[in-house]
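The block underneath contains the structure these notes are about, expressed in structure tokens.
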Amino acid sequence: MPTPETQPFFDAAARGELRIQRCLDCGRPFFHPRPCCPFCASADLEWFTTSGRATLYSYTITHRPAPGFEAPYAIAVVQLAEGPRMMTNIVGVENTPGNLVLDMDLRVTFEQRGDVTIPQFTPVEVA
Amino acid sequence: MTDVVIAGAAETDEIGVLPHHSTLRLHVEGARNAVADAGLRMSDIDGIASVSSPGPVMVAHALGVAPRWIDGTGVGGTSFLLHVRHAVEAIRAGHASTVLITHGESGRSRVGAARGAFPASSPNAQFEAPYGVTGPPSMFTIPLLRYMKEFGLTAEQLASVAVVQREWASRNPRARYRDPITVEDVLASKMISYPLHLLECCLVTDGGGALVVTSAERARDLPRPPVHILGTGETFESPLISQMADFTTSAAFRRSSADAFAEAGITHSDVDHVMIYDAFAHVPVYGLEDMGFVGRGEAGAFIAEGRTAPGGELPLNTNGGGLSYTHTGMYGMFLVQESVRQLRGQAAAQVPGAEVSVALGNGGMFMAAGTLVLSNHT
Ligand SMILES: [Zn+2]
């Protein structure tokens with residue numbers, strides 16, 4: 001359920017854009033959306049659209065599915081080209097250890113889930 | 001500075017599968033056992049600490065305790081180590097003289113237990129839950145592949161964590177799983193959350209325990225040998241596992257342990273016995289490195305070589321740990337219980353001559369940490 005601080009993220013996702021925040025005092029981008037900079041506590045922030053490029057930082061392949069999921073599937077953390085990391089799923093490729101190689105190049109894609117649209121990532125080579 | 005000690009420590013009569021025990025009963029039973037162990041009466045208790053739920057007020061009310069000091073710090077499974085730290089300062093400040101710290105959890109039977117879902121507007125619910133996480137097995141495990149890639153930790157080394165802890169458990173009649181296992185057994189067990197297999201994941205049990213913390217002066221007349229609290233540390237890193245700074249090391253483990261070692265004025269060579277929260281097999285690997293017992297990337301080989309096993313130079317998780325002894329969901333209380341038993345010379349798998357024990361607790365999924373340096377002398 002989005003809050004006033006996170007609504008711009010989901011609004012952008014619905015348009016097919018991965019937007020995150022950047023601190024105007026120290027210049028550093030960060031994720032997840034929040035009311036002040038986690039590096040310098042400044043509240044002087046701006047939203048910007050990322051390149052949508054990322055690399056696979058780490059993951060686990062769960063064999064016990066959450067409701068609505070079909071196991072096994074990977075729960076991944078990716079590193080955006082802009083630096084911050086976020087949790088996601090890897091789509092467009094069977095989620096096996098052989099297919100999911102750490103540091104592989106990914107690009108963002110979006111999936112609507114009920115009322116919200118969430119970013120997911122797919123291998124660049126598959127796309 | 002007032003010297004503060006653990007004067008009483010006890011678990012519930014039984015741990016394991018206790019469907020007829022409410023969560024409150026587990027707290028109360030552990031509390032009564034610990035106060036009796038200290039040679040005290042409940043009316044001697046004037047401070048209370050516990051995690052919700054049922055929380056310190058409910059527990060104190062049930063026990064008839066009228067506290068002058070209350071702590072409900074809740075940072076997951078390491079909360080009790082923080083309660084010990086806070087109790088030390090409360091006693092030094094004169095806010096309480098004798099503090100009772102309780103834990104009880106119906107982790108397996110879920111009797112009267114609250115379901116631990118994140119509030120819908122939390123960052124966890126918005127930015128992690130949509131990706132199909134199912135609690136600790138699918139979150140706590142995510143950093144591990146990064147560690148394996150960076151440091152070459154092998155599946156066999158990781159499996160050896162479970163094997164060695166089972167060796168300790170086989171010496172402990174209260175441990176839930178005691179039959180010896182091999183690396184092959186571990187790797188052949190069901191995959192739960194790649195790369196972790198069933199035998200690399202903790203138990204889910206019911207149980208509880210409590211501690212009585214008081215001044216060394218007050219403990220002088222009490223029956224048990226006091227366990228001195230030489231140093232403590234507490235911190236957190238991130239409530240979201242995806243936002244840990246570096247997936248190969250816990251900043252929280254490092255900070256809380258550095259503080260505890262510094263306050264105690266000890267070095268690693270002074271330590272005879274170690275307890276590290278082992279919700280999953282990789283957590284002791286991180287813990288050994290983040291506390292500084294071994295260098296970065298060395299813990300897997302250190303454990304696989306048997307150096308934390310019975311007869312090894314650094315006895316680790318001597319009760320069998322969360323992997324083989326018990327794990328109620330907030331396992332930290334059981335770390336301290338085993339450290340106290342070792343320092344009193346009454347552990348099932350006793351480390352000969354243990355004088356200094358260190359316990360490292362984890363809260364959440366690498367969210368928070370607490371460290372205690374304990375000794376049977378000042
Ligand atoms: Zn800033």
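Remember, predicted model here, so these are calculated numbers, not experimental data. Chain letters run A, B, ... following the sequence lines, proteins first and then strands; every chain starts at 1. Side chains included, hydrogens not; waters and symmetry mates left out as well; all remaining heavy atoms used.
- Counting heavy atoms from C-beta on, the side chains of A/Arg64 and B/Ser193 never come closer than 4.5 Å.
- Contacts between A/Tyr57 and chain B at a heavy-atom distance below 4.5 Å involve backbone atoms as well as side-chain atoms.
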### Task
Apply side-chain contact (heavy atoms from CB on, under 4.5 Å) to the pair B/Phe127 and A/Thr6, showing each step before the final yes or no.
CA-CA 10 Å; B/Phe127 301 108; A/Thr6 65; 3.8 Å; yes
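- B/Met244 touches chain A through its backbone: at least one of N, CA, C or O sits under 4.5 Å from a heavy atom, while the side chain does not.
- Heavy-atom pairs under 4.5 Å with chain A were tallied for B/Ser122, B/Ala129, B/Pro123; the largest tally goes to B/Pro123.
- What you find for A/Val77 and B/Ser242 is that their closest heavy atoms are CG2-CB, 3.9 Å.
- From A/Thr62, atom OG1 reaches atom CE of B/Met139 across 10.5 Å, with rounding to the nearest 0.5 Å.
- At most 12 heavy atoms of other shown residues, nucleotides or ligands fall within 6.0 angstrom of atom CD in A/Glu70.
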#### Entry: Test log, rule side-chain contact (heavy atoms from CB on, under 4.5 Å), inputs B/Leu240 and A/His32
CA-CA 10 Å; B/Leu240 281 76; A/His32 51 89; 3.8 Å; yes
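- With salt bridges taken as basic N to acidic carboxylate O contacts below 4.0 Å, none links B/Asp246 and A/Arg85.
- Within the 4.5 angstrom heavy-atom criterion, only side-chain atoms of A/Phe9, from C-beta onward, approach chain B.
- Although no hydrogens or angles enter the test, the distance criterion places no donor-acceptor pair under 3.5 Å between the side chain of A/Thr60 and the main chain of B/Ile142.
- Contact of A/Pro72 with chain B is not made at all, since no heavy-atom distance falls under 4.5 Å.
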| said: Between B/Val133 and A/Met87, does the side-chain contact (heavy atoms from CB on, under 4.5 Å) criterion hold? Intermediate values first, please. | reply: CA-CA 10 Å; B/Val133 299; A/Met87 190 174 281; 3.7 Å; yes
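- Heavy atoms closer than 4.5 Å to chain B are found in the side chain of A/Arg113, but not in its backbone.
- Between the side chain of B/Tyr194 and the backbone N or O of A/Tyr59 there is no donor-acceptor pair closer than 3.5 Å.
- Put simply, of B/Ala120, B/Pro143, B/Pro130, B/Gly132, the one with the most heavy-atom pairs under 4.5 Å next to chain A is B/Gly132.
- Contact annotation for A/Pro2: both backbone and side-chain heavy atoms come within less than 4.5 Å of a heavy atom of chain B.
- With B/Thr134 contributing its side chain and A/Pro65 its backbone, the two residues share no donor-acceptor pair below 3.5 Å.
- Side-chain contact check for B/Ser121 and A/Thr3: no donor-acceptor pair (N or O, by modelled atom type) lies under 3.5 Å.
- No part of B/Ala125 comes within reach of chain A, as not one of its non-hydrogen atoms sits under 4.5 angstrom from that chain.
- For the pair B/Gln243/A/Phe30, no side-chain contact is recorded, criterion being any heavy-atom separation below 4.5 Å from C-beta on.
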_Run A/Gln120 and B/Tyr131 through side-chain contact (heavy atoms from CB on, under 4.5 Å) and show every step you take._
CA-CA 9 Å; A/Gln120 296 178 321; B/Tyr131 300 106; 4.3 Å; yes
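- Between A/Leu56 and B/Arg146 the shortest side-chain heavy-atom distance does not fall below 4.5 Å.
- Residues A/Ile61 and B/Met191 are not in side-chain contact: their nearest non-hydrogen atoms beyond the backbone lie 4.5 Å or more apart.
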